[in-house]
Amino acid sequence: MKYMKLNNGIEIPIVGCGTNTYGKEGNQYSGALRGDTQEVDWAIENGYRHFDSAQLYLNEEVVGNGIKKSSLPREDFFITSKLNTFDGFHGADWAHAEIEKSLEKLQTDYIDLFLIHKPWDNDAEMVEAWTILEDYYNRGVFKSIGVSNFEKEHLDLLLENGTIKPAVNQIKSQVGHWNEELIAYNKNNDIATVAWSPLCGINENAKQVLEEVGNQYGKTYAQVVLRYQIERDVIVIPKSHNKERQAQSINVFDFELTASDHHRIAQV
Ligand SMILES: NC(=O)c1ccc[n+]([C@@H]2O[C@H](COP(=O)([O-])OP(=O)(O)OC[C@H]3O[C@@H](n4cnc5c(N)ncnc54)[C@H](OP(=O)(O)O)[C@@H]3O)[C@@H](O)[C@H]2O)c1
């Protein structure tokens with residue numbers, strides 16, 4: 001595994017495991033919890049130690065239970081969760097209560113990376129929410145803090161009004177929507193980019209090009225996409241309900257893409 005150093009010195013495994021449908025009936029986002037931790041167990045067996053979770057997914061306990069069941073030390077894992085701001089912000093008491101629930105469901109007394117899941121249309125509230133995350137960071141409960149789905153103007157708001165710089169901006173970056181400009185803006189501000197849904201958006205034409213690139217190295221189209229992101233310092237959090245494909249997605253450290261591969265991939 002390769003690690004990236006965040007702007008506060010904390011190291012994050014550059015390949016993490018997405019979890020938004022794990023432990024759910026029919027592998028569906030809106031499915032009820034099944035009560036087992038099969039996909040997390042496989043991921044741990046496959047070598048994943050970084051899990052991307054969120055309050056919104058309603059399955060933080062699947063990640064918490066899987067990690068506990070592994071009997072590996074908590075410090076071996078890097079856990080991300082996110083404050084559910086899809087419906088805006090409901091005040092400091094609400095935020096504190098939701099954060100405490102995350103800690104309980106994840107069965108931990110600290111979270112490695114905690115994000116504001118999504119910006120909303122109220123600058124004062126966003127600064128207030130950030131101040132709450134800063135407080136948890138200062139108390140050592142959150143080891144690093146960041147944001148998700150933030151555009152430049154939202155980042156600027158926190159850079160101007162916060163005392164701690166976001167460590168991460170987790171954004172959509174995938175084939176057909178690489179999000180170059182925002183990734184560059186993150187980088188210029190020493191904010192690491194995490195690409196969500198890194199394996200979505202791949203149409204047949206793109207797949208063909210990616211397979212051609214991958215054939216040179218005995219790698220699949222998915223491994224090529226993930227490697228491409230890693231080589232430009234983008235952290236990836238692929239998710240699969242298949243143990244073999246999970247294994248493939250973390251097996252991306254034994255080949256290197258050339259400049260000409262990069263050029264081709266950037267065009268797909
Ligand atoms: N911050 C946000 O707003 C936000 C938004 C969306 C997602 N996320 C996070 O990003 C994570 C990943 O995104 P995602 O869940 O949309 O899925 P994804 O990683 O983009 O994968 C999409 C599909 O590709 C297939 N796949 C996985 N590994 C593969 C491989 N090695 N080869 C071929 N196909 C493969 C999977 O199907 P199979 O199961 O059939 O293998 C999966 O359903 C989420 O789980 C969540 O944690 C965050």
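All residue numbers in this chain count up from 1 along the given sequence. Read the numbers this way: they start at 1 and go in the same order the structure lists the ligands and their atoms.
Within ligand 1, counting atoms from 1 as listed, the ones closer than 4.0 Å to a heavy atom of Asp52 are 9 (C), 46 (C), 47 (O). Set against the non-hydrogen atoms of Tyr221, the atoms of ligand 1 under 4.0 Å away are 33 (C), 34 (N). Those atoms of ligand 1 with a heavy atom of Ala222 less than 4.0 angstrom away are 30 (C), 31 (N), 32 (N), 33 (C).
If you check which protein heavy atom lies closest to atom 29 (C) of ligand 1, you get Leu199 CD1, 3.5 Å. In this structure, the protein non-hydrogen atom closest to atom 31 (N) of ligand 1 is Ser249 OG, 2.9 Å. At the shortest separation from atom 16 (O) of ligand 1 among protein heavy atoms lies Ser197 OG, 2.7 Å. The closest protein non-hydrogen atom to atom 39 (O) of ligand 1 is His241 N, 2.8 Å.
Remark: distances from the non-hydrogen atoms of Thr19 to ligand 1 include one below 4.0 Å. Using a non-hydrogen distance threshold of 4.0 Å, Tyr57 registers as a contact of ligand 1. Taking a 4.0 Å cut-off on heavy atoms, His117 registers as neighbouring ligand 1.
Of the N or O atoms in Asn149, one or more lie within a sub-3.5 Å distance of an N or O in ligand 1. At least one N/O-N/O distance between Cys200 and ligand 1 falls below 3.5 Å. At a 3.5 angstrom cut-off on N or O pairs, Gln170 counts as close to ligand 1. Of the polar atoms of Lys82, none of the N or O atoms is found under 3.5 Å from an N or O of ligand 1, judged by distance alone.
At a heavy-atom distance under 4.0 Å, no atom of Ala54 approaches ligand 1.
Annotation for Ala167 and Leu6: closest pair O-CD2, 4.0 Å, computed over non-hydrogen atoms. Closest approach of Leu33 to Lys24, counting heavy atoms only: CD2-CG, 3.9 Å. Minimum interatomic distance between Asn149 and His117 (heavy atoms only, all atoms of both residues): ND2-O, 2.9 Å.
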Review item, side-chain donor-acceptor pairs of residues 87-98, under 3.5 Å, at least two apart:
residue	atom	partner	partner atom	Å
His90	NE2	Asp87	O	3.2
His96	ND1	Ala92	O	2.9
Glu98	OE2	Lys101	NZ	2.9

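Exactly one of Leu115, Ile116, Leu56 qualifies for a side chain to side chain contact (heavy atoms under 4.5 Å, CB included) with Thr85. That residue is Ile116.
Taking only non-hydrogen atoms, the option from Gln174, Arg245, Lys239 nearest to atom 36 (C) of ligand 1 is Lys239. The heavy atom nearest to atom 8 (N) of ligand 1, out of those in Phe51, Phe86, Trp196, is found in Trp196. Around atom 11 (C) of ligand 1, the closest heavy atom drawn from Asn27, Ile237, Ile171, Val63 belongs to Ile237.
The side-chain heavy atoms of Asp41 and Ser70, taken from C-beta on, include no pair separated by under 4.5 Å. Residues Leu158 and Phe150 have side chains in contact (heavy-atom distance under 4.5 Å, counting atoms from C-beta outward).
Using a 3.5 Å distance cut-off with no hydrogens or angles, the side chains of Asn189 and Lys165 do not pair a donor with an acceptor. Donor-acceptor pairing under 3.5 Å is lacking for the side chains of Ser197 and Gln174. Residues Asn65 and Thr37 bring no donor and acceptor atom of their side chains to less than 3.5 Å of each other. Between the side chains of Asn8 and Tyr137, at least one donor-acceptor pair of N or O atoms lies under 3.5 Å.
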